[in-house]
Amino acid sequence: MTKKYVTTAIPYMNGNPHIGHAMDYCLADVCVRYYNLCGDEVRLQAGTDEHGSKIWQKATQLGVSVQEFVDAQAGKFVDFISQLGVNYTDFVRTTDTKHEKRVQEIWQRLTNHIYMDTYEGWYCTGCERFITDKEYEENNGACPDHLKPYEKLKEKNYYFRISDFKEQIARAIESDKMLVLPEFRKKEILRLLADSPDVSISRPKEQLEWGIPVPGDESQVMYVWVDALSNYLTVLGYPDTDDYREWWPAAAQFVGKDILRFHAIIWPAMLLGLGLELPKVLISHGMVLADGQKMSKTIGNVVDPMEVIEKYGLDAFRYYFLRHVDTFNDSDFTWEKFENAYNNELANDLGNLVQRLAAMCAKNGIELSKLPELDFDAEYRVLMDKFEYAKVFDCVWEKVQALNKRIDDEKPWMLAKNGETEKLHKCLSGLVRDLLQVNYELKPFIPVTTDKIDEIFAGKIEPPEKPLFPKQ
Ligand code: MSP
């Protein structure tokens, strides 16, 4: 049994959970379920990013204490994750005392690579990021993502000497020792890395109260990204317990494309500074859009995943999200596309297949003494190991459609009518066996449905009373 550690980005607590956050969780959950089915022992981390000026500002606006505010927000994310059917093994909040202490220890272990300097330049509070002059010019002085002018800063900061590790990181990315997916992001990251100056990793306390103090310097607070990135290690007990040794390096880290730069540059530099291995794979997904546009409350095009789940069920959401929302590129969630996929693919293809096969088995006394032992084939494994989840779905769906066609071609009802009992039994048991294989391949993606299908076909076969996916 291999131990595998899978991580998700920890969202900022200044906003509420939304459909974009679901992407990290759903992708990581498929990965974990697949590893588990392959016999691995897996840990899945999730958590909340609770420091920083945006969170401070939001709580102040609402007139509540920051701690009260983040407690309430964190609760919303815990609920959100469980409603997506995602079972994490470890949860970290960056305001946990244990996390804070561990991050301070991490800082101390990095001091050989840290120096003090004065930063004079631009900052985006939306991105919590220092902006280079080149970027400032390219974006005409305002952040294209947050539509807010960059702020001018002149302050004394601690810097992290990224230059100590640039070559090593570049080699790891080029050689796929730290595999960056998708492939087309690799070049982009290598360019950013080559241009990357040393990064400022603290802010003066008077600018940012709400953060972890820099050990040994009361006047400075850590930059949120040092705090946030460390969560992947602190949640494993690093550095004061030895548990992390069994789990690190991570098998897969899931992040959005907007934060890949932090994970592919600052994070590896921190790890190398700590003498730790780099993660095996960094998977960066695209953004979820609505009708080609960023979702925003002002435009009124925000899709709430809970609305989808309440109306159509969890698996319908996961199915659409994992198959029809492109994993690696920006991609739309539209109700029209969703409803088409639901009715044509889930209700017609899969739902009907299960219904009619189970009904024919029940009618003709077909029973399974127990569910067969199943395994994944090579083609499936290759795609899953490359995190090409939508392609896996395409392949599995061909098999679903082929099974429907086989029923139409082999016409079991004619065999029954003609009294060809042996042929009929062979035909139906063959179809059930192949359906169960398909069902096995769907397990990482739509776990509620696949459990139901197992139940229907284990032992005495009975068609479900209600269709798996009632037409809407
Ligand atoms: N707090 C940082 C992450 C720190 S990880 C050490 C952050 N938070 S976030 O709330 O802005 O984003 C959390 C995750 O959600 C990121 O992976 C981000 O890419 C993802 N998404 C946020 N909006 C998204 C969409 N509209 N679409 C897809 N994913 C998006 O960044």
Side-chain angles (χ1 to χ4, degrees), residues 6-29 45-55 58 70 73-74 76-77 80-81 84 86 90-95 99 103 106 124-129 143 145-146 181 185 201 210-212 222-236 250 252-271 279 282-297 299 301-305 321-322 325-334:
V6 177
T7 75
T8 55
I10 54 172
Y12 291 126
M13 288 301 101
N14 57 320
N16 288 331
H18 60 69
I19 198 163
H21 297 127
M23 194 96 190
D24 278 314
Y25 299 131
C26 290
L27 292 172
D29 186 62
Q45 151 284 11
T48 46
D49 193 352
E50 304 189 357
H51 289 126
S53 42
K54 279 194 290 187
I55 291 163
K58 188 80 193 200
V70 291
Q73 289 303 103
K76 292 183 194 169
F77 276 83
F80 180 76
I81 300 172
L84 294 172
V86 174
D90 300 87
F91 197 85
V92 54
R93 294 180 56 185
T94 58
T95 55
H99 169 81
V103 177
I106 288 175
C124 171
T125 33
C127 307
E128 296 286 16
R129 193 159 77 74
C143 173
D145 289 334
H146 298 97
L181 290 175
R185 293 255 172 256
I201 52 163
W210 191 245
I212 304 181
M222 285 184 208
Y223 174 46
V224 278
W225 276 97
V226 171
D227 168 1
L229 289 164
S230 301
N231 93 83
Y232 302 127
L233 289 174
T234 62
V235 77
L236 296 178
Q253 297 206 265
F254 290 87
V255 299
K257 67 169 195 187
D258 53 331
I259 56 169
L260 179 62
R261 58 166 71 214
F262 301 98
H263 286 81
I265 301 174
I266 305 183
W267 178 225
M270 286 171 64
L271 289 166
L282 278 177
I283 302 113
S284 88
H285 59 77
M287 296 291 117
V288 191
L289 309 169
D291 296 320
Q293 279 182 302
K294 204 175 158 169
M295 286 186 204
S296 103
K297 286 199 194 112
I299 306 174
N301 60 352
V302 178
V303 177
D304 178 2
F321 209 60
L322 292 160
V325 172
D326 191 302
T327 312
F328 299 122
N329 291 293
D330 292 354
S331 184
D332 260 348
F333 190 105
T334 68

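Below, each value reflects all heavy atoms present in this structure, side chains not excepted, and no hydrogens, waters or symmetry copies. Ligands are counted one by one from 1 in listed order, and the atoms in each one are counted from 1 as well. The chain is numbered in sequence order, starting from 1.
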Please name the pair of heavy atoms, one in [X] and one in [Y], separated by the smallest distance, quoted to 0.1 Å.
{"X": "Y12", "Y": "N14", "result": "CB-OD1, 3.1 Å"}
{"X": "A74", "Y": "E50", "result": "CB-OE2, 3.6 Å"}
{"X": "A46", "Y": "I81", "result": "CB-CD1, 4.1 Å"}

Give the single entry among [options] that approaches [atom] most closely by any heavy atom.
{"atom": "atom 2 (C) of ligand 1", "options": "I10, T7, L229", "result": "I10"}
{"atom": "atom 23 (N) of ligand 1", "options": "H21, E128, E50, H18", "result": "H18"}
{"atom": "atom 26 (N) of ligand 1", "options": "V288, V92, L260", "result": "V288"}

Do [X] and ligand 1 have an N or O pair less than 3.5 Å apart?
{"X": "W225", "result": "no"}
{"X": "D49", "result": "yes"}
{"X": "I259", "result": "no"}
{"X": "D24", "result": "yes"}
{"X": "M287", "result": "no"}
{"X": "Y12", "result": "yes"}

Presence of salt bridge, D49 and R93, under 4.0 angstrom
no
Tell me, which protein residue and heavy-atom name are nearest [atom], and how many Å apart are they?
{"atom": "atom 25 (C) of ligand 1", "result": "G20 CA, 3.4 Å"}
{"atom": "atom 19 (O) of ligand 1", "result": "D258 OD1, 2.6 Å"}
{"atom": "atom 6 (C) of ligand 1", "result": "Y232 OH, 3.4 Å"}

Do H18 and F80 have their ring centres less than 6.0 Å from each other?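 No, they do not, as the ring centres are separated by 6.0 Å or more.
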Taking only heavy atoms of [X], which atoms of ligand 1 are found under 4.0 Å from at least one of them?
{"X": "A228", "result": "6 (C)"}
{"X": "P11", "result": "1 (N), 8 (N), 10 (O), 13 (C)"}
{"X": "G286", "result": "28 (C)"}

To the nearest 0.5 Å, atom CG of D227 lies from atom CD1 of I201 at 12.0 Å
Ligand 1 contact by G15, heavy-atom criterion under 4.0 angstrom: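 No; G15 lies far enough from ligand 1 that no heavy-atom distance drops under 4.0 Å.
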Original post:
Is ligand 1 less than 4.0 angstrom away from at least one heavy atom of W267?
Top reply: no
For this session: Give the intermediate values and the outcome of side-chain contact (heavy atoms from CB on, under 4.5 Å) for residues I55 and V70.
Result: CA-CA 8 Å; I55 291 163; V70 291; 3.5 Å; yes
Have T234 and H99 got a donor and an acceptor in their side chains that come within less than 3.5 Å?
yes
Is the ring pair W225/H263 parallel, tilted or perpendicular, if the boundaries are 30 and 60 degrees?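 Rings of W225 and H263: perpendicular, over 60°.
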Problem - Backbone N/O of T8 and side chain of Q45: donor-acceptor pair under 3.5 Å - result: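 Yes.
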Output yes when a side-chain donor or acceptor of Y223 lies under 3.5 Å from a complementary backbone atom of E128, and no otherwise.
yes
